[in-house]
Amino acid sequence: MSSFNEDDAFEAAARPSLSQMAMASRPAPYLDGLNPAQREAVEALDGPVLMLAGAGTGKTKALTCRIAHLLNTGRARPNEILAVTFTNKAAREMKDRVAGLMGHAIEGMPWLGTFHSVCVRQLRRHAELAGLRSNFTILDTDDQIRLLKQLISAAGIDEKRWPARQLAGIIDGWKNRALTPGKVPGAEGAEFNGRATRLYADYQERLKTLNAVDFGDLLLHMVTIFQEHPDLLAQYQRWYRYILVDEYQDTNVAQYLWLRLLAQGHRNICCVGDDDQSIYGWRGAEVGNILRFEKDFPGAKVIRLEQNYRSTPHILAAASSVISANTGRLGKELWTDVAEGEKVRLIGHWDGEVEARWVGEEIEALHGGTSRYAKQRNNPRSKDIVQEFERLAKKGALGGVRTPEELYERFRTQNSPLKEFKTRKLMWDLTERWQNEEPLHPAFHRFSMEEIAILVRASHQMRAFEDRFLTIGLPYRVIGGPRFYERMEIRDAMAYFRVVTQPSDDLAFERIINTPKRGVGDKALQEIQIAARANGMSLLDGARIAVGEGLLKGKAKAGVAQLIADLDRWASLNVQQIRYPGVDDEDAVVEDVDYAPAEISHVELAEKILDESGYTAMWQNDKSPEAPGRLENLKELVKALEQFDNLAGFLEHVALIMDNESEEQGEKVTIMTLHAAKGLEFPVVFLPGWEEGLFPSQRSMDENGLKGLEEERRLAYVGITRAEELCTISFAANRRVYGQWQSQLASRFIDELDPEHVDVMTPSGLYGANAGFAAGGAGGGMSSFEDRAAKADVYNSPGWKRMQARAGQRGMRQPAESRHMVIDATATSAYTVGDRVFHKKFGYGEVIEIEGDKLTIEFDHSGPKKLVAGFVLPADQAGDVPF
DNA sequence: GTCAACACGTTTTTT
DNA sequence: ACGTGTTGAC
């Protein structure tokens with residue numbers, strides 16, 4: 001891979017082209033929309049810059065304008081800018097926004113990407129310097145664990161006492177700190193009977209023979225290569241004229257070293273971050289990196305972005321009062337010129353269930369425009385919305401949009417460009433208004449479900465909300481959970497593709513050898529492993545020998561023989577061409593492997609593989625609740641293949657782009673963890689579970705002491721600053737923790753909130769008794785709440801109406817005219833007792849009771865559940881309706 | 001080699 | 001409480 005003529009490329013890069021010089025004189029309209037601090041950050045192009053960008057201060061705007069400015073002034077060509085982010089999403093957004101600013105798609109910014117994708121690009125070019133071939137595979141956590149398991153048992157260590165997971169964690173930690181086996185401090189290698197370091201070394205050896213790397217290696221290998229090859233490093237240092245780093249507070253030691261090495265050339269490095277939002281210490285992030293920036297880069301310019309464009313003053317003040325309890329901050333104070341809004345609301349509840357119930361009710365109220373908050377006269381949003389629209393349109397803030405209808409179209413088709421101007425809210429009001437053809441009462445304010453989020457500390461808190469929302473028919477979406485490519489069926493399918501494209505991929509082969517069941521157990525697998533090791537060949541070839549020499553018997557023999565024959569046949573149909581990108585697009589390496597005429601497309605081949613292997617059939621015959629979903633996912637996987645040229649290209653992509661925001665459609669409330677919410681914003685935010693032990697997390701404090709506590713506090717800060725208009729913090733007096741009831745203490749973070757910016761909805765000490773009062777006079781304590789719920793006019797409940805809307809769309813039987821009439825419940829629910837139904841989460845079940853819009857369903861696998869009819873489907877319709 | 005009973009460990013998550 | 005992963009019986 002060393003055949004690139006680096007120096008020629010650098011020479012050419014050193015001189016700006018004519019077109020670049022012409023560009024330099026172009027006007028820079030993007031500078032106009034910036035505030036003074038942002039402008040300073042954009043224009044300070046040379047030398048080290050640290051941009052301290054608080055939450056909601058327009059850091060992405062500053063960052064993207066900076067890139068545009070670099071290009072526009074001819075300081076750098078697109079391929080001379082190294083811009084790194086942590087997530088693919090952030091990278092994509094940056095690319096899109098730069099393109100938007102430049103007015104055209106930017107061709108070739110090959111070095112804009114995540115740390116990992118940029119490192120893969122580098123490592124593919126210099127793989128041999130790490131003892132690898134350039135077509136190395138990238139293993140994910142699952143493969144990593146399985147490999148370590150083998151090594152642990154091979155070393156004769158009791159796997160029960162020393163689990164592979166733990167070793168993986170230790171090794172990851174070392175890699176995060178850029179420690180190769182040789183550099184691990186002796187004292188730290190004492191785990192695993194003193195053999196942790198040894199196992200680490202074995203693992204690295206094994207990876208090398210497998211021609212594979214794990215995620216941590218991507219950075220580690222590049223740091224090592226650059227440290228050992230100063231000449232190569234110098235080339236890259238010259239090549240990257242400008243370096244930009246997003247979320248700098250999240251960098252670990254390896255990333256820091258890598259950046260520092262590369263930045264030593266031109267020293268044009270701009271790091272953007274917020275020390276107050278460092279919440280990933282537990283996975284190796286070093287806040288120290290950002291705190292130390294000025295020492296690392298003497299003469300660095302530090303620019304603070306403190307004007308907040310997201311939240312109301314009370315929200316900012318409350319967040320600021322909490323975070324001020326932390327020590328060792330670089331210090332920032334966010335401010336806004338927005339008019340006064342609501343105070344942060346604080347409410348205590350009897351237990352987690354009441355809390356979830358209250359949040360559900362409150363969301364319905366905010367959505368329906370009947371919340372106490374919604375009627376606030378002071379609400380800046382209560383102004384006549386059309387006036388607001390006209391004002392913005394006149395100001396040109398809506399980008400040429402003239403009519404509300406146009407805005408609506410724009411909103412639907414391209415969400416983001418208009419977002420800055422808070423058009424989402426406006427949009428919602430306008431749509432409501434057109435639909436109803438009646439003027440909205442200016443004192444009422446409604447929120448779309450999309451504008452509401454519930455942010456929790458730990459994912460197990462989500463359950464109470466899901467349960468409650470299911471019963472009241474409140475549509476929700478959970479962010480997090482297993483990602484698409486991490487799902488079992490997807491990984492299985494991909495393992496098949498991996499073996500077909502790379503027959504030497506032992507880990508993949510091991511995964512599929514008995515999936516579906518082929519009668520191959522430990523014994524048979526061991527025979528194959530022995531045969532492979534004895535001959536120094538791959539497992540697949542070892543299996544050939546094992547079959548040929550009769551080492552396998554009966555079922556196993558037949559199964560493996562069949563699999564081998566299948567794999568050979570599929571491989572012969574596979575077209576392989578892998579393209580490894582270079583520094584520039586011209587020097588990409590294209591590798592042809594067994595180029596066979598394409599008789600069938602790779603998509604057809606994939607279907608064939610899944611079909612003929614019996615894998616599809618395996619799930620079709622599976623009666624578990626997840627089976628239909630899994631088949632659905634497989635279909636999706638095959639569809640995703642269409643966007644690639646061949647299987648190999650697809651696999652290369654998937655290893656790094658593990659995101660699957662399969663954008664569920666429809667108005668839904670979002671439930672997610674505080675960590676997942678970083679970088680996002682919502683008009684309405686609920687922050688439940690602020691209790692000692694849960695938040696701040698006991699474990700965090702136990703394991704990391706004050707450091708842990710401060711990170712939790714930053715998490716609280718992140719949570720509050722997600723809210724644009726309304727932020728509600730809550731806690732429960734009692735909570736069931738691991739099946740055990742515990743009485744809880746309100747979080748210390750609650751005490752740290754400045755009372756001046758908090759609206760306390762619970763008189764202290766009376767959590768439970770006042771839950772109803774707190775809900776805005778809706779009920780009055782628990783018993784009266786139950787009472788009210790029992791008498792509630794279900795046919796007028798929001799959940800019922802939504803269910804009707806959904807049923808109508810699906811062409812289900814419509815109920816009789818209903819508003820206040822009492823009607824036969826069985827006629828209105830479209831279900832009868834005994835019907836078989838399907839629920840996305842609980843699977844198949846049988847209706848055993850019907851009360852209005854609520855069905856009690858005995859699920860085959862999850863037992864009885866009571867939920868709104870709109871959330872289930874007749875069993876025979878399962879699989880074809882998106883939830 | 002496959003299935004049911006039990007022990008275990010439960011924060012946060014990207015690539 | 002609950003799901004996962006390992007142990008033991010067939």
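In what follows, chains carry the letters A, B, and so on, assigned in the order in which the sequence lines appear, proteins first and then strands, with residues in each chain numbered from 1.
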Gap between atoms [atom1] and [atom2], on [X] and [N] respectively (whole Å):
{"X": "Y717(A)", "N": "dT12(B)", "atom1": "OH", "atom2": "P", "answer": "24 Å"}
{"X": "I479(A)", "N": "dT13(B)", "atom1": "CD1", "atom2": "P", "answer": "12 Å"}
{"X": "Q740(A)", "N": "dC2(C)", "atom1": "CD", "atom2": "C1'", "answer": "14 Å"}
{"X": "R165(A)", "N": "dT13(B)", "atom1": "CZ", "atom2": "P", "answer": "14 Å"}
{"X": "M462(A)", "N": "dT12(B)", "atom1": "CE", "atom2": "P", "answer": "8 Å"}
{"X": "K557(A)", "N": "dG1(B)", "atom1": "NZ", "atom2": "P", "answer": "16 Å"}
{"X": "D702(A)", "N": "dG9(B)", "atom1": "CG", "atom2": "P", "answer": "17 Å"}
{"X": "I152(A)", "N": "dT6(C)", "atom1": "CD1", "atom2": "P", "answer": "12 Å"}

Report the nucleotide, chosen from [options], that has the shortest atom-to-atom distance to any side-chain atom of [X].
{"X": "A524(A)", "options": "dG1(B), dT15(B), dT2(B)", "value": "dG1(B)"}
{"X": "A458(A)", "options": "dG3(C), dT12(B), dT13(B)", "value": "dT12(B)"}
{"X": "N88(A)", "options": "dG1(B), dT13(B), dT15(B)", "value": "dT15(B)"}
{"X": "E486(A)", "options": "dT15(B), dT13(B), dG1(B)", "value": "dT15(B)"}
{"X": "K517(A)", "options": "dC3(B), dT15(B), dT13(B)", "value": "dC3(B)"}
{"X": "T141(A)", "options": "dT15(B), dT12(B), dT14(B)", "value": "dT15(B)"}
{"X": "Y738(A)", "options": "dA1(C), dC3(B), dT15(B)", "value": "dA1(C)"}

Should the ring pair Y738(A) and H460(A) be called parallel, tilted or perpendicular, given that the plane angle runs from 0 to 90° and is split at 30 and 60?
->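 Tilted: the ring planes of Y738(A) and H460(A) meet at 30° to 60°.
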Using a cut-off of strictly less than 4.0 Å, decide whether [X] has a side-chain nitrogen or oxygen near OP1 or OP2 of [N].
{"X": "K149(A)", "N": "dT6(C)", "result": "yes"}
{"X": "N514(A)", "N": "dT2(B)", "result": "yes"}
{"X": "S459(A)", "N": "dT12(B)", "result": "yes"}
{"X": "T673(A)", "N": "dT13(B)", "result": "yes"}

What is the nucleic acid contact for [X], judged by heavy atoms within less than 4.0 Å: base, sugar-phosphate only, or nothing?
{"X": "D250(A)", "value": "nothing"}
{"X": "T114(A)", "value": "sugar-phosphate"}
{"X": "Q461(A)", "value": "nothing"}

Starting from the 5' end of DNA chain B, give me the residue, V520(A) or A676(A), whose nearest nucleotide shows up first.
->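 Between the two, 5'-proximity favours V520(A).
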Using the six-membered ring for Trp and the full ring for Phe, Tyr or His, decide whether F86(A) stacks on the six-membered base ring of dT14(B) (centres under 5.5 Å, planes under 30°).
->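 Stacking is absent between dT14(B) and F86(A), given that the ring centres and planes do not meet under 5.5 Å and under 30°.
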dT12(B) base stacked by Y280(A)? Criteria: ring centres under 5.5 Å, plane angle under 30°.
->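 It does not: the ring fails the test against the base of dT12(B).
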Is the side chain of Q249(A) donor-acceptor paired with the backbone N or O of D274(A) at a distance under 3.5 Å, no angle test?
->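 Flag set: sc Q249(A) to bb D274(A) pair under 3.5 Å.
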Looking at M701(A), E691(A), R713(A), which one forms a side-chain contact (heavy atoms from CB on, under 4.5 Å) with P696(A)?
->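 In the set M701(A), E691(A), R713(A), the residue that makes a side-chain contact (heavy atoms from CB on, under 4.5 Å) with P696(A) is M701(A).
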Within 45° cone and under 6.0 Å: R735(A) NZ/CZ vs W741(A) ring =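 That pair does not qualify as a cation-pi contact.
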Of all pairs that satisfy salt bridge (charged side-chain N to carboxylate O under 4.0 Å, His left out), the ones with a partner from residues 456-465 of chain A, not counting sequence neighbours |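 Counting only pairs at least two positions apart or across chains, the salt bridge (charged side-chain N to carboxylate O under 4.0 Å, His left out) contacts touching residues 456-465 of chain A are R457(A)-E712(A).
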Do the two ring centres, one from Y476(A) and one from F465(A), sit under 6.0 Å apart?
->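 Aromatic pair excluded; centres sit 6.0 Å or further apart.
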